[in-house]
Each structure stands twice: as structure tokens, then as C-alpha cells.
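In what follows, a structure is listed as C-alpha cells, so that the remarks can point back to it.
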Amino acid sequence: DPFGAQQRFAGMVLMAEAKMQAQYALQMLKNEQGLFLNSDGALDYAGNWVLLEAFSDLGGALDMPTLPHSASNRYYNPDQSAMFLGAADMLFGALTDRQPEGIEETSLALQALAWYAANSASEAGVRAALDAMASFGTQLAAAEAENAAGNAFIIRGLMEAYRLTGDSA
């Protein structure tokens, strides 16, 4: 690897922290419906989409034999990967009927669904995620932002929708 000891150490610390935070969320913040509450104890759907992305990305990174720009994956752990990808499947199931509200949540949903589709082992889940991306992408393309941040959310969400569905509408 072209990385020095300091970068490898930082990577180990960040990976350990990501796993601890994900496990904390699973143990302490999940409600009976399989959704996650924020630190104030309120249900925050934008946060749930972000957690779907986090579980999917973490599970995928732990399952890759080699990471990009590296000859190996010192974090490779199929058992931990299965746990986090299982959490992503559970959360995806809890969010399946959710219709995002507003530009920000729709963009976050598209980003999360992209990572879920890229890392899920469930063929049915991948198909459902891609179908939702096509629908949410169409809705986001028709949205009109009130400010630059809204435009940024639209662009980011539509990039993910196009990247995975190929639909440029």
C-alpha cells in the first residue's frame, strides 16, 4: 500500500469508530418499527436514510477483499459485514413504504438507496431500491428549490439516480 503508518493508524481508528457508532445505533436508538430515533428521541426520516447509507457502506467496505487504491483490505471481516448489511436490509424494509417529503429528504433517500443497491445481497431488495430511485428521481427532477442548498440537494440526488438507473429525466 502507498500509505504510511500514520494513515493506516488513522484508518484503523476511523473504522473502529464507525463500527462502534453503528452498533450503538442498533442497540440504543432503534424503535419497534425498525426505525431509528435521533438524539432527542424523535423520529427523523432524513436521519434514517443517512443510516441506511451508513450501514450499507460500512457493510460493503468490510466485505471487500481489497479497497480502492490498495492491494488489500485490513478491515475485511465477513461476519461484521453480514451484521451491518443485515441492519441495512432491516432498515430498508422499515423504509420501504416511506415517501420522502421535500427536496432534502428525497435527495438523502436517493443517496442511501444507491449505496444500498450497490452493497445488498438481496436481489429483491436491489430491484425495489432501483424502482424507488426511479420514482424519487422523477419527483426530484420536477422539484424547484428555493435556494442554493436546495439546488445542491437536487443535483446530488439526481446524480445518484442517474448513476444507478440511467434515467436522465
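Residues take their numbers from the sequence shown, with the count starting at 1.
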Review point. What is the ring orientation for Phe92 with Tyr116, classed by angle as parallel under 30°, tilted 30 to 60°, or perpendicular over 60°?
Key: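 Parallel: the ring planes of Phe92 and Tyr116 meet at under 30°.
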Quick one: pull up [atom1] in [X] and [atom2] in [Y] and give me the separation to the nearest 0.5 Å.
X	Y	atom1	atom2	answer
Ser70	Arg8	OG	CZ	9.5 Å
Ser81	Asn119	OG	CG	8.0 Å
Leu91	Trp49	CG	CH2	8.0 Å
Arg163	Gln111	CZ	CD	10.0 Å
Arg127	Asp131	CZ	CG	8.5 Å
Asn77	Met15	CG	CE	10.0 Å

Kindly work out whether a path of hydrophobic side-chain contacts (I/L/V/M/F/W/Y, heavy atoms less than 4.5 Å apart) joins [X] to [Y].
X	Y	answer
Leu85	Met83	no
Leu51	Leu29	yes
Leu108	Leu52	yes
Leu95	Leu37	yes
Tyr75	Met64	yes

Any side-chain heavy atom of [X] sitting closer than 4.5 Å to one from [Y]?
X	Y	result
Thr106	Phe153	no
Tyr76	Leu62	no
Pro65	Asn73	no

Smallest separation among heavy atoms of [X] and [Y], with atom names:
X	Y	value
Ala88	Ser56	CB-OG, 3.5 Å
Asp89	Ser122	OD1-CB, 4.4 Å
Gly137	Leu158	O-CD2, 3.4 Å
Ala117	Leu130	CB-CD2, 4.2 Å
Asp44	Asn38	CB-ND2, 4.0 Å

Item to complete: Please report the C-alpha distance between Leu110 and Met159 in whole Å, then the side-chain angles of each, then the deciding distance to 0.1 Å, and finally whether the side chain to side chain contact (heavy atoms under 4.5 Å, CB included) criterion is met.
Response: CA-CA 9 Å; Leu110 285 162; Met159 285 174 48; over 6 Å; no
Do Thr165 side-chain atoms and Ala161 backbone N/O form a donor-acceptor pair below 3.5 Å?
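Yes: the side chain of Thr165 pairs with the backbone of Ala161.
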Taken in chain and number order and not counting sequence neighbours, the residues that satisfy side-chain contact (heavy atoms from CB on, under 4.5 Å) with Glu17 are Leu14, Gln21
CD of Gln6: more than 12 outside heavy atoms within 6.0 angstrom? no
Does Leu58 form a side chain to side chain contact (heavy atoms under 4.5 Å, CB included) with Gln80? I'd like the steps, not just the answer.
CA-CA 9 Å; Leu58 181 57; Gln80 290 179 346; over 6 Å; no
Residue set satisfying salt bridge (charged side-chain N to carboxylate O under 4.0 Å, His left out) with Arg98, at least two apart, ordered chain then number -> Glu101, Glu105
Please report the C-alpha distance between Ile154 and Ser107 in whole Å, then the side-chain angles of each, then the deciding distance to 0.1 Å, and finally whether the side chain to side chain contact (heavy atoms under 4.5 Å, CB included) criterion is met.
CA-CA 6 Å; Ile154 290 172; Ser107 179; over 6 Å; no
Practice prompt. Mind running side chain to side chain contact (heavy atoms under 4.5 Å, CB included) on Asp57 and Phe84 for me, showing each step along the way?
Written response: CA-CA 9 Å; Asp57 190 25; Phe84 293 120; over 6 Å; no
### Message
Is the distance from the ring center of Phe36 to that of Phe55 below 6.0 Å?
### Response
yes
